[in-house]
Amino acid sequence: MRRFALLSSLLVALIALAGTSQGARGQTVERIGISDATRQAHQLPPGLLVELASPLGYERQSASGDAGLWVGANFAQIGHPENAGRSTLDWTVHFDQREGEADAIAHANIEHTSWTRDQRGGLSVPHVVGTRGVGTILGYYEMVTPSTPGDARFEGVLAFPLDKNLHAVIRFEALQPTDDTYMVGSSVASSWNRGQVLVALAGAQLQGNLPPKIVAARSIERGRIVRGKVVDRFLDAVLGARVSLERNAGGGWTKIAGGKTDKRGFYSLRAKRRGTYRVTARFAGFTATSRTIRAGHR
């Protein structure tokens, strides 16, 4: 995947602005899982979720499966305060199995194809297991808006990979307020909607371990200890994976010691007599094995 800037300075500024302008009200968090058929087709473990966190001050008005609506701050028409309502963000999540990189997948999932591109770029999506950050996955976002001057509506799409030919696709649409005759606090409608879509895109993350892909192993303390780390295809740590230290004996492999990876994906196992060893990591039915190493003591 081509390397893009992870977060523009504009996006960082908008996140900071949203955190100060919407007060102490909380966030709404949505959790969307992958269908069993898609998950099994791509050999992904159960429990893997896409999490969306709303901008501060938004609450859930509706949610059903992979789509919903958040409502936020009040808006009013300039000179006509009786024309008022609450700002909105529609969201959807789905899993695109087409071939392509994240930028092409994001573009292909824009619904308002006649709208004008506002901005696009790389976006680093946090990968967490429980409350522990294990790494990031590089995705790509694109935003569009109508070409009509003063139209305040925005659509934003973020795509990031989970496997070969599988991307999580998150789409936000800000349709209220509709145009720049309306204000949200001190912000004109278009500035408000653009900022909230950007903040919502930046609030997405992947929750849960991906399958183990690489098991690093090396011997230390004169061969008595074998240490290493277990990571997935994005080089993010795999937490709580079962690891087995195995010794080659008579053409087969015998388990010598076992344990689990820690909160950073590392493990430490004690070898016995000198010989050829390997480490096997297992998680949710998925297995990865290290290269062979010489370890143990005489």
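- Counting Ile, Leu, Val, Met, Phe, Trp and Tyr side chains that sit under 4.5 Å apart, directly or through other members, Ile78 shares a hydrophobic cluster with Met183, Val188.
- Legend: residues meeting salt bridge (charged side-chain N to carboxylate O under 4.0 Å, His left out) with Arg120, ordered by chain and number and at least two apart, are absent.
- Remark: Arg222 engages no residue in a side chain to side chain donor-acceptor pair (under 3.5 Å) (not counting sequence neighbours).
- In this structure the side chain of Ile105 reaches within 4.5 angstrom of the side chain of Val169, judged on heavy atoms.
- Nearest heavy-atom pair across Trp192 and Ala73 is CZ2-CB, 3.8 Å.
- Looking at Leu206 and Leu162, their side chains come closer than 4.5 Å, going by heavy atoms from C-beta outward.
- Evaluation of the side chain to side chain donor-acceptor pair (under 3.5 Å) rule for Arg224 yields no partner, not counting sequence neighbours.
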Please output the side-chain donor-acceptor pairs of residues 143-153 that fall under 3.5 Å, not counting sequence neighbours, one pair per line with the distance.
| from | atom 1 | to | atom 2 | distance (Å) |
| --- | --- | --- | --- | --- |
| Thr145 | OG1 | Arg153 | O | 2.6 |
| Asp151 | OD1 | Arg153 | N | 3.1 |
| Asp151 | OD1 | Arg153 | NE | 3.0 |
| Asp151 | OD2 | Arg153 | NE | 3.4 |
| Asp151 | OD2 | Arg153 | NH2 | 2.8 |

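- Taking the ring-ring contact (aromatic ring centres under 6.0 Å, His included) definition, one finds that His42 meets it with nothing, sequence neighbours left out.
- Considering only residues two or more places apart in sequence or on other chains, Asp96 meets the salt bridge (charged side-chain N to carboxylate O under 4.0 Å, His left out) condition with Arg98.
- Each side-chain hydrogen bond (donor to acceptor under 3.5 Å, both in side chains) pair with one or both residues in residues 174-184, not counting sequence neighbours, appears once here: Gln77-Thr181, Asp179-Thr181, Asp180-Ser190.
- One finds the CD atom of Gln196 at 11.5 Å from the CG atom of Leu201 (value rounded to the nearest 0.5 Å).
- Inspection of the Thr280 and Glu246 side chains reveals an N or O donor paired with an N or O acceptor under 3.5 Å.
- A salt bridge (charged side-chain N to carboxylate O under 4.0 Å, His left out) check over residues 132-149, counting only residues at least two apart or in different chains, returns the pairs Arg117-Glu142.
- Side-chain contact between Arg39 and Pro46 is present, with at least one heavy-atom pair separated by less than 4.5 Å.
- Counting only N and O atoms by type, the side chains of Glu30 and Trp70 include a donor and acceptor under 3.5 Å apart.
- Between the side chains of Asn109 and His167, no donor-acceptor pair is found at a separation under 3.5 Å.
- A side-chain contact (heavy atoms from CB on, under 4.5 Å) with Phe160 holds for exactly one of Val50, Leu138, Thr136; it is Val50.
- Taking Ile, Leu, Val, Met, Phe, Trp and Tyr as hydrophobic and joining them when side-chain heavy atoms fall under 4.5 Å apart, one finds Phe266 isolated, its cluster having no other members.
- Checked options Leu198, Val157, Val197; the residue passing with Tyr141 is Leu198 (criterion: side-chain contact (heavy atoms from CB on, under 4.5 Å)).
- By the ring-ring contact (aromatic ring centres under 6.0 Å, His included) test, Trp253 is found to be paired with no residue, residues two or more places apart in sequence or in another chain being considered.
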Using residues 229-243 as the side-chain source, report each donor-acceptor pair under 3.5 Å to any protein atom, sequence neighbours left out, with the distance given to one decimal.
| from | atom 1 | to | atom 2 | distance (Å) |
| --- | --- | --- | --- | --- |
| Asp232 | OD1 | Phe234 | N | 2.8 |
| Asp232 | OD1 | Leu235 | N | 3.2 |
| Asp232 | OD1 | Asp236 | N | 3.0 |
| Asp236 | OD2 | His127 | ND1 | 2.9 |

